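We name chains A, B, ... by the order of the sequence lines, and we start the count at 1 in each one. None of the values given here were measured: they were computed from a predicted structure.
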Amino acid sequence: MNVDQQLSVMERGMVALIERSELREKLLRGTPLRVKLGVDPTAADLHLGFTVVLRKLRQFQELGHQAVLIIGSYTAQVGDPSGRDKTRPQLSEAQVLANAEQYLSQACRVLDRTRLEVRYNGEWFSRLGFMDVIRLLAKTTVARTLEREDFTQRMQAGTAIHLHELIYPLMQGYDSVMINADVELGGNDQTFNLMVGRDLQRDAGQEPQICLTMPLLEGLDGVRKMSKSYGNYVGITDAPHDMFGKIMSIGDGLMWKYFELLTDVPLEQVGAWQAGVRAGSAHPMEIKKTLAGTIVAQYHGGDAATAARAEFERVFSQHALPDEMPDYTLREGGAELDVVRVLIEAQLAPSTSEARRLIQQGAVSIDEVKVSALRVPLPAAASFVLRAGKRRFLRVTRASEI
RNA sequence: GGGGAGGUGGCAGAGCGGGCAAAGGCACCAGACUGUAAAUCUGGCGUCUACGACUACGGAGGUUCGAAUCCUCCCCUCCCCA
């Protein structure tokens with residue numbers, strides 16, 4: 001691919017590229033670029049929001065560049081303040097290392113592991129002495145550190161900002177120096193941190209890195225960014241039908257962005273669909289199914305995607321039962337079925353109170369017949385389907401019948 | 001170091017001696033409606049061996065028949081001054 005074609009791949013979905021002209025120059029040299037992405041393994045499970053930037057890194061790999069994934073074994077213990085309205089909890093090194101392993105294996109569902117350089121930043125941070133840290137701190141000023149929006153907001157809101165949070169950007173920038181990055185990728189909220197890398201590299205006599213930022217993906221609620229703590233995420237290890245269903249639950253307006261950031265569907269095609277929906281000639285739900293199917297196929301393969309789609313149509317469009325559901329074996333017999341107990345043991349309800357509520361609200365049914373009491377006569381069938389709400393199903397079998 | 005204001009349910013935030021498992025809101029769950037969703041309406045929303053009991057309003061003590069509410073100490077946060 002020539003330089004302009006490469007640039008157009010790189011620019012898909014991005015928010016900002018600093019500086020485009022510098023990137024062009026680097027590309028013209030023809031040598032592979034060192035493209036850095038830093039991640040803090042604060043949690044072990046990845047979600048689609050994070051794949052936005054991972055996918056971008058993958059694109060660089062496919063263009064022949066060297067991807068460098070920095071595992072923030074030290075920075076995770078500090079906690080990135082970017083976009084936060086309060087201090088992050090500090091993780092222990094053991095937690096971080098445990099998370100890192102799982103994180104890496106999940107990230108490699110997107111990245112090409114064989115062409116990936118993985119570095120833990122403890123490699124260099126563990127060797128710094130206190131004086132080295134002081135020298136690093138001397139490279140910036142209080143005013144510059146505090147000018148960021150997230151800190152400003154916290155100052156105004158009167159929430160605490162701890163000193164260690166202030167040095168986070170310097171640490172991230174230092175990573176760039178250590179690996180001699182040509183390009184660093186990050187979420188839009190990372191802009192400040194990425195820019196610090198440029199300064200530190202310049203100071204160290206290196207060519208400043210190019211900063212390429214990607215949008216933060218809105219979660220299923222369509223409002224807040226996708227995040228585990230908001231519960232509006234799609235995990236990349238989610239089961240195919242879950243993944244499909246979750247994606248189907250996003251608002252129609254959001255799906256275009258999902259197409260752009262989470263799939264390789266050509267933007268011309270996406271634009272055509274969008275126009276079709278606006279004109280009334282295309283059905284938004286059909287297109288959303290395509291989106292969901294495409295994403296599921298990336299993580300689980302085409303067959304699983306087809307099955308997930310069929311399942312979705314069965315359960316939601318035709319209100320039928322799903323193909324597969326968890327099994328539960330009824331231990332004791334007797335004339336009555338303790339519905340509450342079963343709901344809890346099968347984790348269809350988190351507490352006795354919740355189970356009772358579900359029953360009282362008419363959300364629970366046995367073989368599609370509403371359950372109206374906490375205990376009901378045991379169905380005659382050897383196996384029956386217990387349902388709680390729209391999407392929680394359970395196949396109950398009697399132990400004696402097995 | 002001095003002075004002031006605070007810490008309440010997932011979040012934001014009322015309450016300031018009994019009627020408080022704690023208003024109203026957001027989020028969430030369920031039902032209705034629908035193309036999934038959204039929107040809207042209705043109900044729910046600590047736990048349990050369930051018309052009663054237990055746990056809970058930063059932590060530990062105390063006053064009181066009774067404390068989220070009063071007192072003491074401790075921890076934490078914010079603001080002003082130095």
Base-pairing string, 5' to 3', of RNA chain B - Watson-Crick or wobble, under 3.5 Å, | interstrand: ((((((((.[[...)..(......]].(((((.......))))).(((...)))...[[[[[..)....]]]]]))))))).
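- Of the residues in residues 354-363 of chain A, A:Glu354, A:Arg356, A:Arg357, A:Leu358, A:Gln361, A:Gly362, A:Ala363 come within less than 4.0 Å of RNA chain B through at least one heavy atom, sorted by number.
- A:Glu22 is linked by a side-chain contact (heavy atoms from CB on, under 4.5 Å) to A:Glu19, A:Arg198, A:Ile210, counting only residues two or more places apart in sequence or in another chain.
- Only one option out of A:Lys26, A:Gln66, A:Arg34 pairs with A:Asp182 in a side chain to side chain donor-acceptor pair (under 3.5 Å); it is A:Lys26.
- Counting 5' to 3', RNA chain B first comes under 4.0 angstrom of a heavy atom of chain A and last does so at the ends given by B:C29 to B:C78.
- Electrostatic pairing of A:Glu117 and A:Arg119 counts as a salt bridge here, judged by a charged N lying under 4.0 Å from a carboxylate O.
- With both ends at atom C1', the span from B:G1 to B:A14 equals 36 Å, rounded to whole Å.
- Rounded to whole Å, the separation between the C1' atoms of B:U77 and B:C33 comes to 47 Å.
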Evaluation steps, salt bridge (Lys or Arg N to Asp or Glu O under 4.0 Å), between A:Arg58 and A:Asp112: CA-CA 7 Å; A:Arg58 169 76 195 219; A:Asp112 179 352; 5.0 Å; no
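- Residues from residues 239-260 of chain A placing a heavy atom under 4.0 Å of any atom in RNA chain B, listed by number, are A:Met248, A:Ser249, A:Asp252.
- By the side-chain contact (heavy atoms from CB on, under 4.5 Å) test, A:Ile167 pairs with A:Leu137, A:Met171, sequence neighbours left out.
- Map A:Asp221 and A:Phe312 each onto its nearest nucleotide of RNA chain B; the residue landing nearer the 5' end is A:Asp221.
- Distance check on atom C1': B:C70 versus B:C65 gives 16 Å, rounded to whole Å.
- The side-chain heavy atoms of A:His47 and A:Ile236, taken from C-beta on, include no pair separated by under 4.5 Å.
- As rounded to the nearest Å, B:G46 and B:A32 have P atoms that lie 23 Å from one another.
- Residues forming a side-chain contact (heavy atoms from CB on, under 4.5 Å) with A:Pro326 (at least two apart in sequence, or on another chain): A:Leu394.
- Taking the P atom of each, B:A68 and B:G7 are spaced 15 Å apart, rounded to whole Å.
- Nearer the 5' end of RNA chain B, as judged by each residue's closest nucleotide, is the contact made by A:Pro284, out of A:Pro284 and A:Pro350.
- B:C48 and B:A23 are spaced 26 Å apart, taking the C1' atom of each and rounding to whole Å.
- Take A:Ile287 and apply the side-chain contact (heavy atoms from CB on, under 4.5 Å) test, not counting sequence neighbours, and it matches A:Met255, A:Trp256, A:Phe259, A:Trp273, A:Val277, A:Ala282.
- With both ends at atom P, the span from B:C16 to B:C71 equals 15 Å, rounded to whole Å.
- For the pair A:His241 and A:Phe312, the minimum side-chain heavy-atom distance is 4.5 Å or more.
- With a 4.5 Å cut-off on side-chain heavy atoms, A:Ile71 and A:Val39 count as touching.
- Side-chain contact annotation: A:Ser176 with A:Gln209, donor-acceptor N/O pair under 3.5 Å present.
- By the 4.5 Å heavy-atom criterion applied to side chains, A:Thr75 and A:Tyr168 are counted as neighbours.
- Residues A:Glu184 and A:Gln172 have side chains that bring a donor and an acceptor to within less than 3.5 angstrom of each other.
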List, one per line, each side-chain donor-acceptor pair under 3.5 Å for residues 361-373 of chain A, sequence neighbours excluded.
unit_1	atom_1	unit_2	atom_2	d
A:Asp367	OD1	A:Val385	N	2.9
A:Glu368	OE1	A:Arg387	NH1	3.0
A:Glu368	OE2	A:Arg387	NH1	3.3

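- Not counting sequence neighbours, A:Phe192 has no partner by the ring pair (Phe, Tyr, Trp, His ring centres under 6.0 Å) test.
- Spacing of P atoms, B:A22 relative to B:A53, comes out at 15 Å, to the nearest Å.
- Residues of residues 384-396 of chain A that place a heavy atom closer than 4.0 Å to RNA chain B, in numerical order, are A:Gly389, A:Lys390, A:Arg392.
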Can you give each donor-acceptor pair under 3.5 Å made by side-chain atoms of residues 213-223 of chain A, sequence neighbours left out, with the distance rounded to 0.1 Å?
unit_1	atom_1	unit_2	atom_2	d
A:Thr213	OG1	A:Ala16	N	3.3
A:Glu218	OE1	A:Lys257	NZ	3.0
A:Glu218	OE2	A:Lys257	NZ	3.4
A:Asp221	OD1	A:Val223	N	2.9
A:Asp221	OD1	A:Arg224	N	3.2
A:Asp221	OD1	A:Asn232	ND2	3.4
A:Asp221	OD2	A:Asn232	ND2	3.3

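- Here A:Ser351 lies in heavy-atom contact (under 4.0 Å) with sugar-phosphate atoms only.
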